[in-house]
Amino acid sequence: MSTPRPPYLPGDRSAHSETERMIRVDQAGEYGATRIYAGQLAVLGRGRAAGAIREMAEQEQRHLAQFDRLVAERRVRPTALSPVWHLAGFALGAATALMGERAAMACTVAVEEVIDGHYAGQAERLGATDPELAETIAAARADELAHRATALAHEAEATPGYDLLSGAIKAGARIAIWLSERI
Ligand SMILES: [Fe+2]
Ligand SMILES: [Fe+2]
């Protein structure tokens, strides 16, 4: 008689602490996203792209509310770094917006590409172990991909120095993810 292979094997981090880390980092990321858009709107709030940015910002607020709820219901310790993401997110949004609307959109493309990969990895690790979390992640991920498409439609890739800017933002986003899973 063979039993089905468990999703987590002995010696793995426990499923419980693994999903806690996922919720912690996702809440941190969605919080950071709201701060990026707040920074962009502080600069571009009256610009041509303000409507599109505001719409994305509202969806980030919804994602954040969903992860806030999971943090509360499951008593997950939130990241201790939210004061950092409060400032760093806003600064990233405002700085790219000051470079222009296309650079702000390049920021969105870069962040969303990292987040898409991050959510895809989480979905794979979760499998069928936690449908509630998996559905929350899948819904947010679909919105993030739509944000990426919106930003590309706003000529993100026409930003001067796009590859350099995009690479730097992606590196920063990956560091933020790494830290928020742990701290
Ligand atoms: Fe989001
Ligand atoms: Fe997004």
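Atoms within each ligand, like the ligands themselves, are counted from 1 in listed order.
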- Message: I need the minimum non-hydrogen distance between E181 and R21, along with the two atoms involved.
- Response: O-CG, 3.6 Å
- Message: Going by the rule side chain to side chain contact (heavy atoms under 4.5 Å, CB included), which residues pair with A38 if we only count those two or more places apart in sequence or in a different chain?
- Response: R35, F90
- Would a distance-only check, ignoring hydrogens and angles, find a side-chain to backbone donor-acceptor pair under 3.5 Å from T159 to R102? yes
- Message: Restricting to under 2.8 Å, identify the protein N, O or S atoms around the Fe ion (ligand 2) as residue plus atom.
- Response: E60 OE2, E112 OE2, E144 OE1, H147 ND1
- Can you name the N, O or S atom of E30 that is closest to the Fe ion (ligand 1)? OE1
- Item | Residues that E113 engages under side chain to side chain contact (heavy atoms under 4.5 Å, CB included), provided they are two or more places apart | V109, R148, K170
- Residues two or more places apart in sequence or in another chain: which of them pass side chain to side chain contact (heavy atoms under 4.5 Å, CB included) with A176? W85
- More than 12 heavy atoms from other groups under 6.0 Å of CZ on R46: no
